[in-house]
Amino acid sequence: MSDEQSLSKITKEREKWEKTTVPSWLRRNPERKGEFKTTSGINIKRLYTPEDVKNLDYLRDLGFPGQFPFTRSLHATMYRGRLWTMRQFSGFGTAEQTNKRFRYLLKEGETGLSVAFDYPTIMGRDSDDPMCNGEVGICGVAVSSLKDMEILFDGIPLDKVTTSMTINGPASMLLAMYIAIGDKQGVPRGKLGGTTQNDMLKEFYAQKLCIFPPKPSVKLVVDIIEYCAKHLPKWNPVSISGYHIREAGSNAVQELAFTLADGITYVESTLERGLKVDDFAPRLSFFFAAHNNFFEEIAKFRAARRLWAKIMKERFKAKDPRSLWMRMHVQTSGCTLTAQQPVNNVVRVALQSLAAVLGGTQSLHTNSLDETLALPSEEAVTVALRTQQIIAHESGVVDTVDPLSGSYCVEALTNEMEERAMDYINKIDDMGGVIAAIENGFLQKEIADSAYKYQQEIDNKERILVGVNDYTVEEDWVPLKILRIAPDVEAEQLARLQKVKRERNNARVKKVLDKLHGAADRDENLMPTIIEAVKSYATLGEITNVFRSVFGEYQELIVI
Amino acid sequence: MTNIEQLIDGVLKGDRRFIAKTITLIENDLPESQKTVSLLYPHTGKAHIVGITGPPGSGKSTLIQKLVEELRRQGKTVGVVAVDPSSPFTGGAFLGDRVRMQELSTDEGVFIRSMATRGSLGALAKATKDAVKVLDASGKDVVVVETVGAGQSEVEIVKLAHTIVVVLAPGLGDDIQAIKAGIMEIGDVFVVNKADRENVNKAIMDIETMLSMNPEREKWKPPVVKTTAIMGEGIIELLDKIDLHRKYLEGGTIDTRRRQTVETELVEAIKEKVAGAIVDDLKKKGILDKLVQKILEKETDPYSVADMLLAKRLKRLKPS
Amino acid sequence: MSSEKKIRVVVAKPGLNSHDRGAKIVARAFRDAGMEVIYTGLRQTPEQIVETALQEDVDVIALSILSGAHLALFPKIMELLERKGLDDVLVFAGGIIPKEDVPNLKKMGIAEVFGPGTRTDTLVKFIRENVRKRK
């Protein structure tokens, strides 16, 4: 940045400043804390100067927007052209109710749908499974068979929308249902656009929604990546997610490192399948959290882009520039929201969103202020969406590309995030990769330790949470009505499932499930047979059971 | 308050609540505990006691889960005692082994109890032994004792079993070296779990090499069984080996073992009771402190004091 | 063994929900406070939770739930506890539970409901003050 002569002059002047100006000021105005640390434990200095970025080579480390290493952004003009996608995750109750909500959102101009499934669906269980009592349609929409999916997308042309599905264990089955609906609507498979989260690795150590053991789980992930590379060119087969890692309690460095380590594992596994890196890497996408520490978060997003581009180029020898792109979706951090004085959450979400936008995200979900109390109400969802619109249209931060670049502090933090993440990635590699690090409990332990440390900092008031351990009030003001799911949803859903099981051709279902069993035994790509199975109205639970019998069932390694 | 007779009656009927309460009584070493165990003693000795140990990461808990499931399929009732270490700093503990067996927790024919190591090794070994007796008296056909790790305390606890199963896994090769001192000598059946991993055969060879270096014990040659517990593979074979060992013991050796067990138990009891009484007496009279002071001042040493005390007591015990 | 009476706690996660960050933090805090903690793992049925409490003869059951299924699951747990004679066990809950549900839950015997932002030492204190007195 500066030549050596002027740098040594700066050093001299800085030392002088530390000996004269600083002490005389500190005598009268001591600092509030002995040290200032980010959530990852990175020490924040009093002042950043050109000395902190003296090794930064602009062209090598930052470059221009849309060019390697993409630190400044993926695209040449960023938000001056197209704003990020404002995608709000929704889904509740029966398929009819969610379909109504979807149609409303589309009428209001949304083009991207994002489906939240209920816990039974996420766990690959039918609504009539005894384990699911009380959970049907509560945290998302219930989908047990193609019938539910047909209702969910009734009247929605799949060639006109893109759909993001937050589904992991049964991702192949839900994608198969989506394809089946596309087929029925006469939409060519090449025109189906959207995303399946389909990131099983983070489930084993962060979100814990696992059905099968790690190896067959990764096999199913790769089946989808392979199938999409061949048949669904517009589909993002996997959204490699740090969000859940962060929500489970990790710090920013761990979130970054573990997510990229997962990404490396998927790339390696797909290469082992025999695909070429440039045939699938451009469709890999990422999903991060935006937490509280503003500069650390911005640095995280920038470091993530640079690090992934380097990994793809150097480690995997990708040639297609799009293979180097880290396209990311960001969601503001649910675990930072407080139940106390919930209106304050609007401000938290605004700051976190600003960090995501300054970090250059492609897509953003803003949380609702009432999420610590219940599922978000419609009013709260609206405020969350408006927050994004205010940043986009009123703040002016979108008018130039990567405006914080060149800040000594942000660049130094970006370097630090990258270095620390790389240390973790090397450590995981040395252990034998992510699956080994799951099986020996390393990742779980790292996250649990960070979560406990964070809680202790709050308990000890080393970390102030407004309204929680300081600035508290007797009675919280909650200006909203809490959303409640009508209790008859479960009964309605069960009735429909009964009807499906009664009316379908059960002999055909049995035949296709047997075929699926055979295909799983032979380690074939299961997507084609799963599509056949869902078209025969075999249920999610039935298909999952076939896989359970072949793959076994995952049992959580408890690391506290 | 529940009285001892009620507790005993409940345990003998196999009532789960009473079994649980009785084990708590033993764990907390409450005054009634000894009497309770004494009353249960005549009803023990029917269960086959299987000790399972091995280093962390060998997949013991899953193996035990599958083992218990298979025993249930064979119509046998099972008790499980899982021992986890207490924190030496806070005295608290995570009792985590049960997690893998939660599917079994609602099965009437299975009773699972987690115990923390709490105090001293001797005390733990005794409490575990007594908890096993409660499950034995309650009519369980098989009682499994699980310990995590493979240190000295684990060896000590697991010794109370009729059949000791040592679980290892490929890729833990270094650990095999490290633990051989204690565990390799006492294992009756060896398991190489996670047999779907690489290097299974190497692990088996390592174990066999190490076993061949052991001095020959009795006539039993410890078999090595391959399992992949998570897929339920090798479980039936393992149970066969355990059963074979039981039959071997019943063919004569079991009496020797039982004699040994009872002898150890008696010696421990004498140590606890007799030495305990002497120490309590010295404390009460304030003599202990004085003796400690004398040792500190190098006037005497612990062994001489003990000899002196023993001589005194023996004199007093002599019929006049 | 030591004649000190340890407080034994089951930390349980009923339902399908998998957010175990809170449950694990409190489990660790209880251990660090000298208690013996049995963590059940995820997705426990009411029957499993109650059987665990019974076999382990615990003093406390801490339930963590964030999925909204508490009104379906908690009554079953409380009913089973009573049927099995475990009505002296201290039961409390944490997670995402709407305030308006709290009076109902207390009526069925849940001693307290703790929302997000509760300090772990508040929970430890609550247990120490309210745990059943062992005979």
Side-chain angles (χ1 to χ4, degrees), chain B residues 1-3 15-33 79-80 82 84 86-87 89-108 110-128 130-131 135, chain C residues 1-14 20 23-59 76 80-89 120 124 127 132-135:
Chain B
M1 184 179 162
T2 330
N3 60 38
D15 184 297
R16 301 151 81 75
R17 181 117 165 96
F18 286 112
I19 296 172
K21 287 274 171 210
T22 308
I23 297 179
T24 304
L25 199 72
I26 289 164
E27 254 196 323
N28 290 335
D29 201 15
L30 296 183
E32 311 93 311
S33 132
V80 179
D84 272 304
S86 297
S87 157
F89 306 108
T90 65
F94 282 135
L95 307 173
D97 294 339
R98 154 169 216 117
V99 172
R100 298 293 167 104
M101 297 176 248
Q102 276 304 79
E103 294 276 316
L104 296 161
S105 66
T106 52
D107 178 343
E108 287 284 334
V110 179
F111 189 100
I112 306 165
R113 180 61 175 250
S114 318
M115 289 176 81
T117 52
R118 294 196 190 173
S120 69
L121 172 54
L124 169 67
K126 176 169 174 272
T128 316
D130 289 343
L135 291 170
Chain C
M1 216 151 213
S2 93
S3 53
E4 185 191 352
K5 283 158 218 161
K6 292 276 175 198
I7 296 176
R8 288 168 68 91
V9 189
V10 169
V11 176
K13 287 219 37 95
D20 59 359
K24 286 187 169 182
I25 287 175
V26 302
R28 202 188 270 210
F30 295 164
R31 189 222 21 205
D32 290 351
M35 301 176 193
E36 291 181 354
V37 183
I38 295 120
Y39 174 60
T40 60
L42 299 168
R43 290 181 267 283
Q44 296 291 301
T45 62
E47 289 79 6
Q48 285 173 327
I49 293 169
V50 172
E51 264 307 316
T52 302
L54 184 144
Q55 293 172 25
E56 299 290 352
D57 195 23
V58 298
D59 310 284
K76 279 189 198 154
L80 279 169
L81 282 174
E82 198 181 326
R83 203 190 308 158
K84 304 220 168 185
L86 298 173
D87 36 7
D88 58 341
V89 176
T120 53
V124 170
I127 290 180
R132 63 175 169 172
K133 303 286 173 267
R134 270 193 190 278
K135 289 171 206 164

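Residue numbers begin at 1 in each chain, while the letters A, B, ... track the order of the sequences.
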Answer yes or no: is there a side-chain heavy-atom contact under 4.5 Å between Asp32(C) and Arg28(C)?
-> yes
Please report the closest heavy-atom contact between Tyr39(C) and Ala23(C), naming both atoms and the distance.
-> CE1-CB, 4.1 Å
Calculate, to the nearest 0.5 Å, the distance between atoms CD and CD belonging to Gln102(B) and Glu51(C) respectively.
-> 10.0 Å
Can you tell which part of Arg17(B) gets under 4.5 Å to a heavy atom of chain C, answering side chain, backbone, both or neither?
-> both
Between atom CD1 of Ile49(C) and atom CG of Leu80(C), what is the distance when rounded to the nearest 0.5 Å?
-> 10.0 Å
Answer with side chain, backbone, both or neither: which region of Ile112(B) has an atom nearer than 4.5 Å to a non-hydrogen atom of chain C?
-> both
So which part of Val80(B) gets closer than 4.5 Å to some heavy atom of chain C, the side chain, the backbone, both or neither?
-> neither
